[in-house]
Amino acid sequence: MLNGNKVGVKNYFPEIDGLRALAVLLVFAFHLNPALSPGGFIGVDVFFVISGFLISRIIITQVQEGRFSFIQFYTRRVLRIFPALFCMLGITSLFALLILGSSDMEDFFRAMRFAAAQASNFLFS
């Protein structure tokens, strides 16, 4: 064992940090000026590829070791994502109350409810 990992099994990929930085820069450039990143939200696509690689690796390893569980897998995702989601929703709600007019509040809180339910794509489609 090396640092709690099996010898030869690589769990940290420093090059992924570089890809994440590139993805952030691409999204930032697009929001700054769409002409700077004519591919649109390619940075988001880079994040999807990174996530797919890492999550697939976790699932494949656990299946091979005979210890994969859908319930545990989704429990870990919820415990990782939901605290940040609800913190962000709370903070943006406070700002919405201060900044938005009454006509925009209904739309905002409807979108917030969909976001909390992980169903934003259905609302915005």
Side-chain angles (χ1 to χ4, degrees):
M1 302 281 274
L2 180 63
N3 296 331
N5 299 326
K6 295 178 184 174
V7 175
V9 176
K10 187 175 180 185
N11 288 320
Y12 175 70
F13 298 86
E15 46 283 329
I16 288 179
D17 287 339
L19 288 173
R20 285 180 176 143
L22 174 65
V24 167
L25 290 174
L26 289 167
V27 171
F28 181 74
F30 179 79
H31 284 289
L32 190 62
N33 180 352
L36 294 175
S37 182
F41 289 100
I42 192 167
V44 175
D45 296 335
V46 171
F47 273 113
F48 283 140
V49 171
I50 291 169
S51 295
F53 169 74
L54 294 173
I55 290 172
S56 295
R57 208 163 176 284
I58 290 167
I59 292 171
I60 290 168
T61 300
Q62 289 180 351
V63 166
Q64 289 173 342
E65 293 174 354
R67 58 185 182 90
F68 179 76
S69 161
F70 279 108
I71 293 171
Q72 288 177 350
F73 176 78
Y74 281 105
T75 299
R76 284 193 308 273
R77 301 280 96 53
V78 166
L79 291 174
R80 182 172 160 260
I81 293 168
F82 275 37
L85 170 67
F86 289 112
C87 180
M88 183 271 311
L89 290 175
I91 291 169
T92 54
S93 294
L94 291 174
F95 280 100
L97 289 169
L98 296 171
I99 295 170
L100 296 178
S102 59
S103 62
D104 295 322
M105 290 300 286
E106 185 178 330
D107 290 337
F108 172 79
F109 282 107
R110 182 169 186 240
M112 189 184 81
R113 286 192 308 273
F114 274 80
Q118 299 287 289
S120 296
N121 289 343
F122 294 108
L123 174 66
F124 298 122
S125 65

[X] to [Y] - nearest heavy-atom pair and separation:
X: S120; Y: A115; value: OG-CA, 3.2 Å
X: S103; Y: D107; value: O-OD2, 4.3 Å
X: V27; Y: V44; value: CG2-N, 3.8 Å
X: G43; Y: A23; value: O-CB, 3.4 Å
X: M105; Y: A96; value: SD-O, 3.4 Å
X: P83; Y: V78; value: CD-O, 3.7 Å

Quiz item: Under 4.5 Å between side-chain heavy atoms, hopping through other hydrophobics if needed: is there a path connecting L100 to L89?
Solution: yes

Practice problem: Please step through ring-ring contact (aromatic ring centres under 6.0 Å, His included) for the pair F68 and F70, ending with a clear verdict. | Solution: CA-CA 7 Å; F68 179 76; F70 279 108; 5.0 Å; yes

Quiz item: Hey, mind stepping through F73 and I55 against side chain to side chain contact (heavy atoms under 4.5 Å, CB included) and telling me if it holds?
Solution: CA-CA 10 Å; F73 176 78; I55 290 172; 3.4 Å; yes

Could you tell me if the side chain of [Y] sits less than 4.5 Å from the side chain of [X], heavy atoms only?
X: Q118; Y: L85; answer: yes
X: F108; Y: T92; answer: yes
X: L97; Y: F109; answer: yes

The criterion is side chain to side chain contact (heavy atoms under 4.5 Å, CB included); which residues satisfy it with [X], sequence neighbours excluded?
X: R80; result: none
X: I50; result: I16, L19, R20, V46, L54
X: F95; result: I91, I99

Should we count [atom1] of [X] as having more than 12 external heavy atoms under 6.0 Å?
X: L32; atom1: CG; answer: yes
X: N121; atom1: CG; answer: no
X: R77; atom1: CZ; answer: yes
X: F28; atom1: CZ; answer: no

Rounded distance [0.5 Å steps], [atom1] in [X] versus [atom2] in [Y]:
X: Y74; Y: I81; atom1: OH; atom2: CD1; value: 10.5 Å
X: M88; Y: F82; atom1: CE; atom2: CZ; value: 11.0 Å
X: T61; Y: R67; atom1: OG1; atom2: CZ; value: 7.5 Å

Exercise. Verify, without hydrogens or angle tests, whether S56 (side chain) and F53 (backbone) share a donor-acceptor contact under 3.5 angstrom.
Key: no

Quiz item: Between the main-chain N or O of F48 and the side-chain N or O of S51, is there a donor-acceptor pair closer than 3.5 Å?
Solution: no

